[in-house]
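As the structure is a prediction and not an experimental result, all values here were calculated from the model.
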Amino acid sequence: GMTMTLRRKLQVLVLATLGGLILIVLSTLYGLHTIQQAETTAARRQSYSLQLLEIKAGATSTIMLDPTLKETREIFDAAEKTATRLRAEIVGVIRRPDIRDAFIKIMEGWTRYVAESHRLIELAKTDATRANAGVLTLYNEQFKPFQAALDRYVEDRVVEPRAQRGELLD
């Protein structure tokens, strides 16, 4: 009788110890996973914040250009290519639908501005004076609102979260 209870006690002790160790390992893994998730979220936001700034830079390079010049078309083509690539990358990275939709909506403003710019570049071939006058109107009516929306978006996504690190946005 006596030896059995001792062995039983040892078994219980070993099982309890193993159980404890397994719990420790699991909670450590979970903790690491959580940290890693927070880091990838931060890294994702970091990467797309740079892409947002790159879109902004490309877009800004197209402001108030002379629609009669060949270079203007080239600058627009380059900015469009960059924006299209980055837009796809950013949309692929943003997890939250509301945040993604807000970005897509802003980029629709860019698309309208580009289409209108192409129209002015075409018009410049036949009526340079009117095309040049249109550039300022286009800047005020389409580019400025797009730029303001993009700036606000960058501010909310990138600058704010850095200020209050605790909150993960996606």
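- Scanning for side chain to side chain donor-acceptor pair (under 3.5 Å) contacts around R119 gives E116, with sequence neighbours left out.
- Here the CD1 atom belonging to I63 is positioned 5.0 Å from the OH atom belonging to Y139, to the nearest 0.5 angstrom.
- Atom CE of M107 sits about 6.5 Å away from atom OG1 of T111, to the nearest 0.5 Å.
- Remark: A124 pairs with P67, T68, A131 by the side-chain contact (heavy atoms from CB on, under 4.5 Å) rule, at least two apart or across chains.
- Contacts of N140 classified as side-chain contact (heavy atoms from CB on, under 4.5 Å), with partners at least two apart in sequence or in another chain: L136, K144.
- Under the side chain to side chain donor-acceptor pair (under 3.5 Å) criterion, T62 pairs with Y113, sequence neighbours left out.
- Here the CZ atom belonging to F103 is positioned 4.0 Å from the CD1 atom belonging to I90, to the nearest 0.5 angstrom.
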Just list the side-chain donor-acceptor pairs under 3.5 Å for residues 53-60, sequence neighbours left out, or say none.
unit_1, atom_1, unit_2, atom_2, d
K56, NZ, D151, OD1, 2.9
T60, OG1, K56, O, 2.6

Evaluate side chain to side chain contact (heavy atoms under 4.5 Å, CB included) for V154 paired with S49, printing each intermediate quantity in order. CA-CA 7 Å; V154 169; S49 68; over 6 Å; no
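- Following chains of ILVMFWY side-chain contacts shorter than 4.5 Å, one cannot reach I121 starting from L69, and the two form parts of different hydrophobic clusters.
- Here I106 contributes atom CD1 and F146 contributes atom CZ; the two are 8.0 Å apart, rounded to the nearest 0.5 Å.
- Listed by chain and residue number, Q51, R85, L86 satisfy the side-chain contact (heavy atoms from CB on, under 4.5 Å) test with E89 (two or more places apart in sequence, or in another chain).
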Exercise answer: donor-acceptor pairs, residues 71-79 side-chain atoms, under 3.5 Å, sequence neighbours excluded:
unit_1, atom_1, unit_2, atom_2, d
T72, OG1, D66, O, 2.5
R73, NH2, E122, OE2, 3.0
E74, OE2, K70, NZ, 2.6

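- A salt bridge (charged side-chain N to carboxylate O under 4.0 Å, His left out) check over residues 127-138, counting only residues at least two apart or in different chains, returns the pairs D127-R130.
- A continuous path of hydrophobic side-chain contacts links L120 to M64 [ILVMFWY only; heavy atoms under 4.5 Å].
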Which donor-acceptor pairs under 3.5 Å do the side chains of residues 20-33 make with protein atoms, sequence neighbours left out?
unit_1, atom_1, unit_2, atom_2, d
S27, OG, L23, O, 3.1
S27, OG, I24, O, 3.0
T28, OG1, I24, O, 2.7

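- Counting only residues at least two apart or in different chains, side chain to side chain donor-acceptor pair (under 3.5 Å) contacts with residues 101-110 are absent.
- Contact annotation: the side chain of L65 never approaches that of V135 to less than 4.5 Å [non-hydrogen atoms, C-beta and beyond].
- Sorted by first then second residue, the ring-ring contact (aromatic ring centres under 6.0 Å, His included) pairs that include residues 79-101, not counting sequence neighbours, number zero.
- The side chain to side chain donor-acceptor pair (under 3.5 Å) search around E80 returns H118, not counting sequence neighbours.
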